[in-house]
Amino acid sequence: MSLYHATEWKVFREQIIELDGHRCRDCDRSDKEVVLQIHHFKYIKGRKPWEYALKDCKTVCRGCHAQIHGIIKPQIGWEFIGKEDLGDLIGTCDNCGNSIRHSFLIQHENWGALEVGTNCCDKLTDTTYASSLIESQTSYNSRKKRFLNSKRWKFEKGIHLINHGNFEVKIKEKDSIFLIKIYIKESKKEYKSIFEAKSKVFEVIESGEFLEYLEKYNLPISEIKKTRKKSINNNAR
């Protein structure tokens, strides 16, 4: 059933019209002269048409409403609001009708909101935000996969070990529980799988979170380099 056929919408609609005196706020004609509708000043993802503050809506006639939204969908002036990965090609682009997996919500002050795919988002917002975001996510996933499957990971005496960049990473495995230690910082959080633990390691190194930790506590990165170099030299003997 369409949301605009729901009882909640009918009640909300009548409340707005009543508060506006049963008149179009743009042309001042009454419901005896024209068909009245409700215009949303903005659209918020996930909210139903009746889940808005009164200030976000106004009563307009059908003619004024059409003028507000425009007879032809505008090709400029769209703003990016949010993104969702649908997991598969189960969505439909409101602009071109193609099936989409990555859904981008955009809005226009004179039209409303649209759910569009990557190409249409870039086109209507006149940016490369959507395609850049997808490219960045693809790169992130590829790097993460290579990190998790790197042959540089070693396992000895219950410890998974890797030297990555400036960081020596250890993941201690005991009784199906995994604890992370990067350089001298040992996490108190317990992880249920080696995949989960390695994923967290990649996340904090990739994002720069661990570098921020070192800076916060005035820990020298150079010392990590020296420790790693000394360890390599000892192993070579």
Side-chain angles (χ1 to χ4, degrees), residues 44-48 51 79-91 100-106 115 118 121 127-237:
I44 301 174
K45 185 177 181 180
R47 287 196 185 181
K48 296 179 176 63
E51 296 177 339
E79 177 186 5
F80 172 81
I81 303 176
K83 171 190 175 295
E84 181 180 1
D85 185 347
L86 304 177
D88 205 345
L89 293 172
I90 58 175
I100 57 176
R101 168 178 172 171
H102 298 282
S103 168
F104 295 89
L105 188 65
I106 60 176
E115 184 179 12
T118 306
C121 181
T127 68
T128 58
Y129 183 82
S131 53
S132 296
L133 195 62
I134 295 299
E135 181 180 353
S136 176
Q137 185 63 49
T138 300
S139 174
Y140 178 90
N141 290 338
S142 296
R143 297 177 79 176
K144 178 180 177 180
K145 182 177 180 180
R146 294 189 189 101
F147 177 80
L148 297 181
N149 298 323
S150 174
K151 294 181 179 179
R152 293 183 292 107
W153 279 103
K154 307 298 180 185
F155 180 73
E156 184 177 350
K157 296 180 180 180
I159 296 177
H160 299 264
L161 171 68
I162 190 175
N163 285 306
H164 191 78
N166 294 325
F167 310 124
E168 181 180 68
V169 179
K170 291 182 179 179
I171 301 178
K172 185 178 180 181
E173 178 179 345
K174 185 177 181 181
D175 299 328
S176 300
I177 295 297
F178 300 84
L179 297 172
I180 298 173
K181 183 176 182 180
I182 308 178
Y183 184 29
I184 60 174
K185 178 175 173 56
E186 187 168 2
S187 173
K188 295 180 180 179
K189 182 175 180 179
E190 298 179 345
Y191 296 88
K192 297 180 180 180
S193 69
I194 186 61
F195 174 81
E196 186 180 351
K198 286 184 177 181
S199 295
K200 182 61 178 179
V201 170
F202 177 77
E203 178 185 320
V204 298
I205 294 179
E206 173 76 6
S207 66
E209 180 182 336
F210 190 68
L211 285 173
E212 294 174 0
Y213 167 82
L214 295 178
E215 292 176 351
K216 179 179 179 180
Y217 293 100
N218 296 317
L219 297 173
I221 299 176
S222 58
E223 289 302 314
I224 304 177
K225 294 179 180 178
K226 292 178 181 178
T227 301
R228 181 184 173 205
K229 184 176 181 181
K230 182 178 180 180
S231 175
I232 293 174
N233 290 336
N234 289 339
N235 291 335
R237 294 175 182 175

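Keep in mind it's a predicted model, so treat the numbers as computed, not measured.
Remark: Tyr140 engages Gln137, Lys144, Phe202, Glu203, Glu206 in a side-chain contact (heavy atoms from CB on, under 4.5 Å) (not counting sequence neighbours). Partners of Ser131 according to the side-chain hydrogen bond (donor to acceptor under 3.5 Å, both in side chains) rule, which considers only residues two or more places apart in sequence or in another chain, are Asp122.
Looking only at distances, no side-chain donor or acceptor of Ser139 sits under 3.5 Å from a matching main-chain atom of Glu135. Under the 3.5 Å distance criterion, the side-chain polar atoms of Ser142 are matched with a main-chain donor or acceptor of Thr138.
Leu148 and Ser199 make their closest contact through CD2-N, 3.7 Å (heavy atoms, listed as atom of the first residue, atom of the second, distance). Nearest heavy atom pair, residue Asp85 against residue Gly87, reads OD1-N, 2.9 Å. Scanning both residues, Glu51 and Gly46, for their nearest heavy atoms gives OE1-O, 4.2 Å. Closest of all the heavy-atom pairs between Ser187 and Leu179 is O-CD2, 4.2 Å. Ile81 approaches Ile106 most closely through the heavy-atom pair CD1-C, 4.0 Å.
Here the straight-line distance linking atom NZ of Lys200 with atom CD1 of Ile182 works out to 9.0 Å at 0.5 Å rounding. To the nearest 0.5 Å, atom CG of residue Leu86 and atom CZ of residue Arg101 are 8.5 Å apart. A distance of 9.5 Å separates CG of Asn163 from NZ of Lys170, quoted to the nearest 0.5 Å. Note that CZ of Phe155 is 14.5 Å distant from CD1 of Ile162, once rounded to the nearest 0.5 Å.
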> Yes or no on side-chain contact (heavy atoms from CB on, under 4.5 Å) for His160 and Glu173, after CA distance, side-chain angles and deciding distance?
Replying inline: CA-CA 8 Å; His160 299 264; Glu173 178 179 345; 2.8 Å; yes

> Hey, mind stepping through Val169 and Ile205 against side-chain contact (heavy atoms from CB on, under 4.5 Å) and telling me if it holds?
Replying inline: CA-CA 10 Å; Val169 179; Ile205 294 179; 4.1 Å; yes

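Within 6.0 Å of atom NZ in Lys83, more than 12 heavy atoms from other residues, nucleotides or ligands are found, so the atom counts as buried in its surroundings.
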Identify each donor-acceptor pair in which a side-chain atom of residues 189-197 lies under 3.5 Å from a protein atom, sequence neighbours left out, and give them as a table.
from: Ser193; atom 1: OG; to: Glu196; atom 2: N; distance (Å): 3.0
from: Glu196; atom 1: OE1; to: Lys192; atom 2: N; distance (Å): 3.4

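Test Glu156, Arg152, Glu168 against Leu161 for side chain to side chain contact (heavy atoms under 4.5 Å, CB included) and you get one pass: Glu168.
Classified by interplanar angle (parallel below 30°, tilted 30° to 60°, perpendicular above 60°), the ring pair Phe80/Phe104 is tilted.
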